[in-house]
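Right, one structure below, let's go through it.
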Amino acid sequence: MPVRTGWLQTTGQTRPHTRLTSNGATTPANPLSSRSGVLPGTVDGKYRVGGLWMGSSGPMTATVYAGRAVIQGTGGGGDYPVALDADMTITFGDGDPLNPRVDLVVIRVYDNDVDSSGKFEAAVEIIKGTPAATPVAPAAPARSLVLFSVLVRKGASAGTGGIDWAGNASTDLRQTIVATGGILPVYNNGAVPGSYPGQYQDNENAHYLQRWDGTAWVGYPRELGGVAPSGALSTGSYTGQYRDNGGNLQRWTGSAWANYQPPLENETVTTGAGALPNWSVSSLFARRTKSGLCSVSVTVTRTGPTVTADNTGQISDESVCVLPVNLRPAISFEAAACDGFGNGGAYISTNGQIDLRTWSPNGQLAAGRAIRISATYVL
């Protein structure tokens with residue numbers, strides 16, 4: 001038999017003693033019993049469970065692949081470690097001529113001390129269901145672990161095309177177990193209650209680690225210091241936790257999610273403006289944010305001859321200064337200018353040059369007067 005069991009023979013230490021003291025790959029269900037399940041893992045580590053997988057191998061046949069499991073006995077009988085050490089082929093009976101049925105594929109323990117079966121062994125078996133218009137799976141035998149259910153359609157046989165394997169006739173019902181204290185990789189058993197507060201399971205469907213608090217599985221605080229992905233959290237785990245909400249960053253305040261407004265990071269610039277002929281730069285004060293918003297106030301003083309505007313406020317463009325590179329706009333902007341005697345319009349080019357273009361009608365740009373030019377724009 002390729003299915004092997006791990007309890008001792010009848011001499012010396014008894015089999016019940018061995019099962020009850022087994023502390024290996026068992027997830028406790030209570031102080032004296034464990035869950036039944038398959039040990040997780042695959043050869044390449046890409047999938048949660050590879051052991052005791054079943055795949056079709058013919059119209060009415062399937063292959064159950066090697067793997068290990070633990071099967072809990074009845075009552076306080078302890079658990080049975082089992083292993084299928086070679087792939088094996090199983091054959092399903094032909095379908096009923098009138099109705100479909102559901103069969104179970106199980107790995108089953110026979111223990112004569114308990115069931116008077118006359119056997120001490122384990123086997124992979126098909127538990128045949130009852131044909132019906134709406135079939136249901138049969139009950140699993142005692143001391144067995146259900147691996148898969150298989151829908152056998154009416155009239156199915158090797159000569160009629162067999163079981164509809166391509167149509168998802170089989171359903172994976174395997175469940176996982178791990179050693180006590182290990183993190184259980186959830187596989188068809190995410191709703192099974194925990195055994196003790198502080199037990200953990202990795203819930204692939206919910207996409208996060210869960211902790212059993214004594215009454216329920218609770219999402220363990222995750223992304224500690226990071227950002228929970230969109231749709232993963234409805235309630236925060238701690239004040240200051242962050243989540244992505246459809247592209248918007250939100251912060252948990254302790255009672256609600258609030259759209260996050262980052263503190264405004266500003267840079268102050270007071271140097272770097274260069275004067276052009278007939279002008280001097282008296283001062284520069286600018287604030288720019290990391291996001292690219294900039295406010296500039298530059299004061300220039302006329303050092304050349306007086307310029308007088310005509311009665312419509314027109315003057316020949318007066319180039320007064322050039323802003324430093326880190327304050328130059330992405331597109332040209334208009335700015336306001338004033339010296340306390342008159343006011344006008346200035347033009348800030350993408351190369352940082354500021355030109356006075358208009359002034360108060362008949363007003364003067366007189367030597368010695370300080371003109372303040374101000375603007376806010378996006379860099």
Side-chain angles (χ1 to χ4, degrees), residues 1-8 15-42 48-54 64-85 88 90 102-115 117 119-127 137-150 170-196 199-204 212 217:
M1 291 290 292
V3 182
R4 304 184 185 276
T5 60
W7 60 88
L8 299 178
R15 290 184 291 274
H17 286 168
T18 302
R19 295 193 301 271
L20 283 170
T21 57
S22 173
N23 293 317
T26 57
T27 301
N30 60 52
L32 286 178
S33 65
S34 303
R35 294 191 196 181
S36 295
V38 178
L39 274 66
T42 58
R48 293 198 162 213
V49 187
L52 302 176
W53 170 258
M54 187 189 76
V64 178
Y65 294 93
R68 295 181 294 167
V70 173
I71 299 174
Q72 174 60 41
T74 54
D79 50 56
Y80 299 81
V82 298
L84 178 63
D85 64 3
M88 67 179 298
I90 56 176
V102 175
D103 292 351
L104 291 180
V105 178
V106 304
I107 188 165
R108 182 178 184 179
V109 168
Y110 290 92
D111 183 354
N112 185 66
D113 290 344
V114 179
D115 57 23
S117 62
K119 297 185 285 187
F120 294 100
E121 64 184 35
V124 173
E125 295 183 349
I126 298 172
I127 309 302
R143 292 170 301 283
S144 70
L145 174 65
V146 177
L147 304 178
F148 283 80
S149 67
V150 177
S170 65
T171 301
D172 185 0
L173 298 176
R174 296 170 300 162
Q175 295 188 4
T176 48
I177 58 167
V178 291
T180 302
I183 296 175
L184 178 72
V186 168
Y187 197 86
N188 293 323
N189 54 354
V192 176
S195 305
Y196 53 89
Q199 186 178 12
Y200 289 90
Q201 66 178 20
D202 177 40
N203 194 326
E204 186 175 38
W212 181 254
W217 289 108

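In this chain, residues are counted from 1 in sequence order. When reading the values below, keep in mind they use all heavy atoms of this one structure, side chains included, and skip hydrogens, waters and symmetry mates. This one's a predicted model, so the numbers in the text were calculated from it and none came from an experiment.
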| message | Can you tell me if R35 has over 12 outside heavy atoms packed within less than 6.0 Å of its CZ? | response | yes
I need the minimum non-hydrogen distance between [X] and [Y], along with the two atoms involved.
| X | Y | result |
| --- | --- | --- |
| V102 | P138 | O-CD, 3.2 Å |
| A139 | L104 | C-CD1, 4.4 Å |
| P141 | I127 | CG-CD1, 3.7 Å |
| F148 | S170 | CD2-CB, 4.4 Å |
| V38 | G51 | CG1-O, 3.6 Å |

Just verifying a value: how many Å separate [X] [atom1] and [Y] [atom2], rounded to the nearest 0.5 Å?
| X | Y | atom1 | atom2 | answer |
| --- | --- | --- | --- | --- |
| R48 | L184 | CZ | CG | 8.5 Å |
| S149 | L173 | OG | CG | 4.5 Å |
| I126 | I90 | CD1 | CD1 | 4.0 Å |
| R108 | E121 | CZ | CD | 10.5 Å |
| S144 | Y80 | OG | OH | 12.0 Å |
| L39 | I177 | CG | CD1 | 5.0 Å |

Any side-chain heavy atom of [X] within less than 4.5 Å of one from [Y]?
| X | Y | result |
| --- | --- | --- |
| Q201 | N189 | no |
| R174 | W53 | yes |
| V105 | V124 | yes |
| L145 | L147 | yes |

Mark yes or no for whether [X], through its side chain, and [Y], through its backbone, hold a donor-acceptor pair below 3.5 Å.
| X | Y | result |
| --- | --- | --- |
| N112 | S117 | yes |
| T176 | P40 | no |
| Q175 | N188 | yes |
| W217 | V192 | yes |
| Q72 | S34 | yes |

| field | Carboxylate-amine/guanidinium proximity below 4.0 Å for R143 and D111 | value | no
